[in-house]
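Have a look at the structure below before the remarks.
Scope of the values below: all heavy atoms of this structure, side chains included, with no hydrogens, waters or symmetry mates. Given the structure is predicted, the values throughout are model-derived calculations rather than measurements. Reminder, nothing fancy here: chain letters follow the sequence lines and each chain counts from 1.
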Amino acid sequence: MNRNSRSLTYIRIYEVVRRIPRGCVATYGQIARLAGMPGQARLVGYALHSLSETTDLPWHRVINAGGKISRLPDPDTTLTQRFLLESEGITFNDKAQVNLEQYGWKEACADRT
DNA sequence: GCAATGACGCTCT
DNA sequence: CAGAGCGCCATTG
């Protein structure tokens with residue numbers, strides 16, 4: 001469980017996700033870049049998938065570049081993510097998209113804190 | 001050890 | 001403007 005077992009690469013992603021402040025959302029590409037793998041958004045998603053649903057990480061703050069919730073293996077998990085984001089004050093539009101311009105990490109996010 | 005997949009992103013048509 | 005395909009690295013079987 002040693003995070004080592006998951007490889008340092010995953011740890012990087014987990015650490016970045018953990019740094020996401022409340023009321024904000026980050027994209028896979030954003031995290032991938034902060035983790036030190038620009039363009040490797042797939043690994044970010046894969047890393048999160050490897051996590052347990054009971055993870056302490058705010059994985060629900062991680063969405064795709066379109067500001068939308070990614071295609072999760074289980075539709076129930078997707079609804080949970082949306083619910084958690086709404087609980088943080090994040091609003092979704094009819095397309096289940098989040099306004100990255102408003103909630104995007106390091107954008108207006110720091111101002112909200 | 002080898003091969004295929006993967007909660008995405010970007011470019012091309 | 002919209003839709004589809006390909007590519008990156010790492011993990012898993």
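In this structure, F92(A) and I69(A) have side chains that are in contact, with non-hydrogen atoms separated by less than 4.5 Å. Two residues are said to be in side-chain contact when any heavy atoms from C-beta on lie closer than 4.5 Å; I20(A) and I31(A) meet this criterion.
In this structure S87(A) satisfies the side chain to side chain contact (heavy atoms under 4.5 Å, CB included) test together with F83(A), sequence neighbours excluded. Under the rule for a side chain to side chain contact (heavy atoms under 4.5 Å, CB included), the partners of T91(A) that lie at least two apart in sequence or sit in another chain are Y103(A). Scored by the side chain to side chain contact (heavy atoms under 4.5 Å, CB included) test, D76(A) finds T80(A) as partners (sequence neighbours excluded).
Atom OH of Y10(A) and atom C1' of dC9(C) are 10 Å apart (whole Å). Here dG7(C) presents its C1' atom at 17 Å from CE of M37(A), a figure rounded to the nearest Å. Summarising the geometry, the separation between CD1 on I11(A) and C1' on dC9(C) is reported as 16 Å, rounded to the nearest angstrom.
Taking the charged nitrogens against the carboxylate oxygens, E15(A) and R18(A) do have a contact shorter than 4.0 Å, which makes a salt bridge.
Proximity of a side-chain donor or acceptor of Y46(A) to a complementary backbone N or O of Y10(A) within less than 3.5 Å is not detected.
Stems are defined here as 3 or more consecutive Watson-Crick or G-U wobble pairs with pairing distances under 3.5 Å; those involving DNA chain B are B:2-6 with C:9-13, B:8-13 with C:2-7.
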The contact string for nucleotides 6-13 of chain B, one letter per nucleotide 5' to 3', using protein heavy atoms under 4.0 Å with B, S and - for base, sugar-phosphate only and none, comes out as BBBS----
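Among residues at least two apart or in separate chains, salt bridge (Lys or Arg N to Asp or Glu O under 4.0 Å) pairs with a member in residues 57-70 of chain A are R61(A)-E88(A).
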